[in-house]
Structure formats: structure tokens, C-alpha cells
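Input: a single structure, listed below in C-alpha cells.
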Amino acid sequence: MESSSSESLFDWIFHSTEAAYAIDGSQLVRHQEFEPPAYSHSCRIVFDPESDFHGIAQLILANSHASIAAVNRQSDLLCVEIVSDVRFSEQFIDVIVSTVGQEYYPITQPLAWLDKPGLLVMDMDSTAIEIECIDELASMAGVGEAVAAVTEQAMQGELDFEQSLRSRVAKLQGASSQIIDDLCQQLPLMPGLTEMVATLQQYQWRLVLASGGFTPFVGHLKQLLNLDAAYANELVIKDGCLSGEVVGEIVDAQFKADTVKRCAQQWQIAAGQRLAIGDGANDIPMIKQADCGFAFHAKPKLKAAANLAIDKLDLRALPFLLRLSQ
């Protein structure tokens, strides 16, 4: 932190119980996240405690009529909620956005309640895990470059998903099915995934994977993380080798969107409590079907369609974008 004012403001927000913070003849006031004042402008700033708090302090101090809340979760990240009757300065917002380890989230619609029943439908590849499984399988089968080129076109929304899926899977024909088992044992979980899942499960949320990938991998994650359901495409295996085909209904963009609706009905999830998160163009219908759609380190088309975008932080940020009712 670069100044004593930044340090004292930080201490007031996160360590003090004092209702107000005096600055230059004015004062900031405190609210609880479950009862923010009805001001015109609202945002949350999620940040790594190792990042520079000075910019956040300046944003707050520039809005002397603002009300502040500490948003506490069981996480190494920190979060403040700011509500104000004055529009936030673009200059100071730019400071937050450009600072490593900090993200600015304008709140333009009611946030879902963390401590009420909810649903999160997640994409798998490049969202729940760090890789694209089809690309890894292709690499293990010796056809990596050819498949990766098709995958990227599909992620950018340049190809029909089912056609691109069948084209990529066809290139795996003849590969040993052992590569599936090998990859299952080394799936790299996305940073923050286990913490996010644990937080949501603590409040009895329903968690579902809907993936354009393959059933062995979503099944592995479902068991590992104790998820409620998982959907993906089924590879055909004959005599210990991949046939280059998929069987059954294709889990495409529309299937993912339908999963949000179907699961919400199955578990009677109230409106406002149905969320989805993904990273590619194939996830756009899914996040539009949800009450709030999250883009995670996403391609431009998905980010433009999402309600909120996690760009720099990991999945630990998501529970900070839900509201506790007490």
C-alpha cells in the first residue's frame, strides 16, 4: 500500500466495526452486503491481497458519498462492494482494471443469493479444467495439430459444432482407448475450481457439468468433486481402440442451454438463482438461458454475451459475485 490513508481505509473496511470513516470533513458509511443502500451505481472489486490496494482506495475516497461493504468468503481473495449516488470515475476504474490481481464488476442486475438454493452449470474444457480434452487426446494419438486447428475454429464460432466434433473425433480412429484412462488420471483442474465448488456446496447449490467433450472426463470430475450431474459426448470404443465416432445425442450449444432449463425444473431452482459459466462461443446459448451468465477467461463473442466476466482472477472470484442474505 502506498499511503497511510490507503492503509487506514483498508483496516476500517476489513478489520473495524466502526460504522463510518471520516475523510476531509465528509465520511464514508458502512453497509452489510445483504442490505445495500438503493443508490444509482454499484460495483464489486475482487482482488488478491498481495495486489496494490492504493488504486481501490483512491476510487473509494473519490466518492465521499459512497457506502462500503466488506464481502467476506472463505477464500484467499478479498472483495469490497461500493454503492454511490455518483457515477464512478472512468479514470479510477481504469486503474483497477489495469492493476494485476484486481477485477472490477459493475452490478447492473440483482445478484443471486449464495445462501439460497441455486444451480451452476459449467462448461468443462478451459473452464473447469485447464485443457481441451480433444486436443490432448489428439496429441497423445499423434494427430494434435490437425485437431487443434479445428478446435480453435469451433471455439471462435466459425464452424458448426456437431460437424467440427465429428471431424475431430474421426481423426482419432485407431488410437488406443488407454489414452482416455491416462488422461483422466492427469486432468489439470482449473485454479480455484475446488474452492469454488466447496463454497457453493456448503450452501447446498446444485452443480452440473455440460460439456462438448467426452463422458469419461466429466464422469471423472463428477466423482472427484461430488457434482450433481454431468453431460458430455460418448466416444465409440471397439476392441480397445477408438472407432473415430460418437454415439447418442450430441451435447452441443443447444443441449447445454436446455441443461440449464431442465436442471432448474428438476430441482425447482427459483428464478434469479440459475447460473452458467463457460469460455467459448459454444457456451453462449447456455449463459443466455441462465439468469446470470459468467464468461471465464473467455473468447470475445462469449464475453460480449455474458453478464459478468472473470478475466484475470481464477474461479475463486465467482462466489464473491453472489450475495449473502445475512
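Just so it is clear, the values below take in all heavy atoms, side chains as well, and ignore hydrogens, waters and symmetry mates. Because the structure is predicted, anything quoted here is derived from the model rather than measured. For reference, positions follow the sequence shown, starting with 1.
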Side-chain donor or acceptor of [X] paired with backbone N/O of [Y] under 3.5 Å:
X: S98; Y: D94; result: yes
X: S177; Y: G240; result: yes
X: E103; Y: K312; result: yes
X: K171; Y: G244; result: no
X: T199; Y: E195; result: yes

Measuring only between side-chain heavy atoms, which start at C-beta, is [X] closer than 4.5 Å to [Y]?
X: Y105; Y: L321; result: yes
X: I129; Y: C133; result: yes
X: F296; Y: D123; result: no
X: L221; Y: M124; result: yes
X: S126; Y: E132; result: yes
X: Q201; Y: L207; result: yes
X: R323; Y: L114; result: no
X: L315; Y: I277; result: yes

Working to the nearest 0.5 angstrom, can you tell me the gap between [X] [atom1] and [Y] [atom2]?
X: L200; Y: L322; atom1: CG; atom2: CG; result: 6.5 Å
X: M140; Y: Q178; atom1: CE; atom2: CD; result: 8.5 Å
X: T194; Y: L224; atom1: OG1; atom2: CG; result: 9.0 Å
X: Q27; Y: S67; atom1: CD; atom2: OG; result: 10.5 Å
X: E81; Y: I45; atom1: CD; atom2: CD1; result: 11.0 Å
X: I179; Y: E136; atom1: CD1; atom2: CD; result: 10.5 Å

Going only through I, L, V, M, F, W and Y residues with side-chain contacts under 4.5 Å, is there a path from [X] to [Y]?
X: V83; Y: V71; result: no
X: L324; Y: L275; result: yes
X: V147; Y: I250; result: yes
X: L308; Y: Y104; result: no
X: M122; Y: V251; result: no

Locate the shortest heavy-atom distance separating [X] from [Y]; write the atom from each residue and the value.
X: S211; Y: V218; answer: CB-CG1, 3.7 Å
X: G212; Y: N233; answer: O-ND2, 2.9 Å
X: V208; Y: C263; answer: CG2-SG, 4.1 Å
X: A232; Y: G213; answer: CB-O, 3.6 Å
X: A210; Y: V121; answer: CB-CG1, 3.8 Å
X: A305; Y: I284; answer: CB-CG2, 4.0 Å

Crowding at CG, D181 (>12 non-hydrogen neighbours, <6.0 Å):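 Counting neighbours around CG of D181, more than 12 heavy atoms of other residues, nucleotides or ligands fall under 6.0 Å, so yes.
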
CD (Q186) with more than 12 external heavy atoms under 6.0 Å: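 More than 12 within 6.0 Å, yes.
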
Can you tell me if [X] and [Y] form a side-chain donor-acceptor pair at under 3.5 Å?
X: S84; Y: H41; answer: no
X: Q185; Y: H220; answer: no
X: D279; Y: T127; answer: yes
X: S325; Y: D115; answer: yes
X: Y21; Y: S16; answer: no
X: Q109; Y: N307; answer: yes

Full working for side-chain hydrogen bond (donor to acceptor under 3.5 Å, both in side chains) between Q102 and S51: CA-CA 7 Å; Q102 297 179 4; S51 67; 3.2 Å; yes

Aromatic plane relationship, F53 with F14 - under 30° parallel, 30 to 60° tilted, over 60° perpendicular: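 Correct class here is perpendicular.
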
W12 six-ring centre to R30 NZ/CZ under 6.0 Å and within 45° of normal: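 Yes; both conditions hold, so R30 lies above the ring face of W12.
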
Residue pair V95, I56: steps toward the side-chain contact (heavy atoms from CB on, under 4.5 Å) verdict: CA-CA 8 Å; V95 170; I56 299 175; over 6 Å; no

Is the closest basic N to carboxylate O distance between [X] and [Y] below 4.0 Å?
X: D311; Y: K303; result: yes
X: R44; Y: E33; result: yes
X: R166; Y: E245; result: no

Among K288, K299, K256, K301, the one residue meeting side-chain hydrogen bond (donor to acceptor under 3.5 Å, both in side chains) with D283: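 Only one option passes, and that is K256.
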
Pair I13-I60, side-chain contact (heavy atoms from CB on, under 4.5 Å): steps then yes or no: CA-CA 11 Å; I13 293 172; I60 295 172; 3.9 Å; yes

Verdict with supporting geometry, Q273 and W113, side-chain contact (heavy atoms from CB on, under 4.5 Å): CA-CA 7 Å; Q273 294 292 109; W113 297 100; 3.7 Å; yes

Derivation of the side-chain contact (heavy atoms from CB on, under 4.5 Å) call for M196 and R316: CA-CA 5 Å; M196 178 193 74; R316 292 174 298 166; over 6 Å; no

